[in-house]
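Here is the structure we will look at.
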Amino acid sequence: MSNNNVEEVMQSAIARTCSYFETEFGIGVTAVDVGVGNLDSLALLDMTAIIGMGGLVNLLIAFSFQDGLINALYQRMTSDIQVQPDEVDMYREAAAGEVVNTILGHCTIDLQKLDRQGISMTPPVILDRTKTIRRMKNSMFYSQSLKTTFGRMSINLVGPLELFDINLDYSK
C-alpha cells in the first residue's frame, strides 16, 4: 500500500464519519484537526472501537470517543428500546462497534479500487477506559481529531512504518 493510499483511507474515514453522523444522528462535525504521525503512543479517549481492514489496505483503524459523544450516539441508537440499568455499558459498547463498523463498511466502497479482491474487516474490538496504546516496533500511528457539539473523537490508523517518510510523519 502506498502513502497516497493511506491518506485515501483517512480521508474516506473522515468523510464517511461526517456524513454518517449528520444524516443518521443529526450530529455535525465542527472541526477537523491536522493529522499527527510521529507518536510513541496513541492517547485514547474514553471508549475506543478497533477494526482491522485487510487486503491491500492492511491497517488497524481505531475510533476513539469522548463519553459525551458515545453517550449521544448510544441514546439515539437505543431511543426506541427500553434499556435496563445493568445493560447500559453493553449497549454503549455495541453502539460504538456498530457506528465504526458502519462507517468503515461505507469506506470499503470508496476504497474498492485499491483492492479488487475485496477488503476484509474484523469484528470491532472495544476498549473502555484504556488510556494509551504503545507503538510497536516497525509500526506507526496516523491520527486525526474531529470535534462535535457532544465531544471529540479521533480516527487513528496503525500501519507499517514504511508508509511514513524519514521524519516519521505520514507522507502525503
Side-chain angles (χ1 to χ4, degrees), residues 1 3 5-53 57-77 89 92-108 110-111 121-136 139-161 163-165 167-172:
M1 173 173 238
N3 296 339
N5 292 348
V6 172
E7 178 65 18
E8 196 169 335
V9 171
M10 180 60 84
Q11 291 309 313
S12 174
I14 291 169
R16 293 295 184 161
T17 299
C18 293
S19 174
Y20 184 60
F21 277 22
E22 180 64 42
T23 59
E24 189 68 24
F25 303 110
I27 298 174
V29 175
T30 57
V32 177
D33 294 337
V34 176
V36 178
N38 186 10
L39 304 169
D40 288 328
S41 64
L42 191 58
L44 301 177
L45 301 171
D46 300 311
M47 184 176 288
T48 303
I50 302 171
I51 289 182
M53 292 185 84
V57 173
N58 196 28
L59 294 168
L60 289 177
I61 304 176
F63 283 67
S64 195
F65 304 87
Q66 281 187 321
D67 273 339
L69 179 55
I70 198 62
N71 287 339
L73 296 168
Y74 150 77
Q75 289 167 354
R76 284 163 170 78
M77 293 176 86
D89 288 342
R92 285 178 76 245
E93 289 179 6
E98 183 61 27
V99 164
V100 173
N101 197 44
T102 300
I103 290 168
L104 293 179
H106 288 137
C107 287
T108 61
D110 301 335
L111 304 173
M121 289 174 40
T122 66
V125 173
I126 307 299
L127 304 177
D128 192 8
R129 307 288 174 209
T130 301
K131 291 299 178 189
T132 58
I133 297 175
R134 302 282 310 158
R135 180 170 51 95
M136 295 181 297
S139 68
M140 184 53 58
F141 297 127
Y142 179 45
S143 181
Q144 293 216 318
S145 181
L146 285 70
K147 296 178 184 177
T148 73
T149 55
F150 296 99
R152 291 183 304 117
M153 71 174 290
S154 60
I155 301 173
N156 310 281
L157 306 182
V158 181
L161 191 58
L163 297 178
F164 300 84
D165 68 17
N167 296 318
L168 298 180
D169 290 322
Y170 171 70
S171 181
K172 292 183 180 181

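Worth saying up front: this structure is predicted, and the values here are computed from it rather than measured. The figures here come from the full heavy-atom set of this structure, side chains too, leaving out hydrogens, waters and symmetry mates.
Atom CE in M10 sits 6.5 Å away from atom OG in S143 (nearest 0.5 Å). L69 CG to T149 OG1: the interatomic distance, rounded to the nearest 0.5 Å, is 8.5 Å. Taken from CG in L73 to OG1 in T148, the straight-line distance is 8.0 Å, to the nearest 0.5 Å. Expressed to the nearest 0.5 Å, how far NE2 of H106 lies from CG of N101 amounts to 10.0 Å. One distance of note links OG1 of T17 with CD1 of I103; it measures 3.5 Å at 0.5 Å rounding. Residue F21 holds its CZ atom at 11.0 Å from CZ of F150, rounded to the nearest 0.5 Å.
Sorted by first then second residue, the side-chain hydrogen bond (donor to acceptor under 3.5 Å, both in side chains) pairs that include residues 19-30, not counting sequence neighbours, number zero.
The backbone N or O of V9 lies less than 3.5 Å from no partner atom in the side chain of S12, so there is not a single donor-acceptor pair. Although no hydrogens or angles enter the test, the distance criterion places no donor-acceptor pair under 3.5 Å between the side chain of S64 and the main chain of L44. Proximity of a side-chain donor or acceptor of N156 to a complementary backbone N or O of A62 within less than 3.5 Å is detected. Distance alone, capped at 3.5 Å, places no donor-acceptor pair between the Q144 side chain and the I155 backbone.
Contact check for V99 versus M77: side-chain heavy atoms found under the 4.5 Å cut-off.
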Derivation of the side chain to side chain contact (heavy atoms under 4.5 Å, CB included) call for T108 and M53: CA-CA 9 Å; T108 61; M53 292 185 84; 3.7 Å; yes
CA sep, side-chain torsions, deciding dist, call: E8, D110, side chain to side chain contact (heavy atoms under 4.5 Å, CB included): CA-CA 9 Å; E8 196 169 335; D110 301 335; 5.9 Å; no
Y142 and L59: CA distance, side-chain angles, deciding distance, side chain to side chain contact (heavy atoms under 4.5 Å, CB included) verdict: CA-CA 11 Å; Y142 179 45; L59 294 168; over 6 Å; no
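Considering all non-hydrogen atoms of both residues, L45 and S154 come closest at CD1-N, 4.1 Å. Across all non-hydrogen atoms, the minimal contact from F63 to M153 is CD2-CE, 3.2 Å. Counting all heavy atoms, side chain and backbone alike, C18 lies closest to L146 at SG-CD2, 4.2 Å. In terms of heavy atoms, Q66 sits closest to G151 at OE1-CA, 3.3 Å. A pairwise comparison of heavy atoms in R152 and S145 identifies NH1-OG, 4.0 Å as the closest pair. Pairing each heavy atom of A49 with each of V100, the nearest pair is CB-CG2, 3.7 Å.
The side-chain contact (heavy atoms from CB on, under 4.5 Å) with F65 is formed by just one residue from the set I70, T48, N71; it is I70.
Counted by atom type alone, E98 and T102 present one or more donor-acceptor pairs between their side chains at under 3.5 Å.
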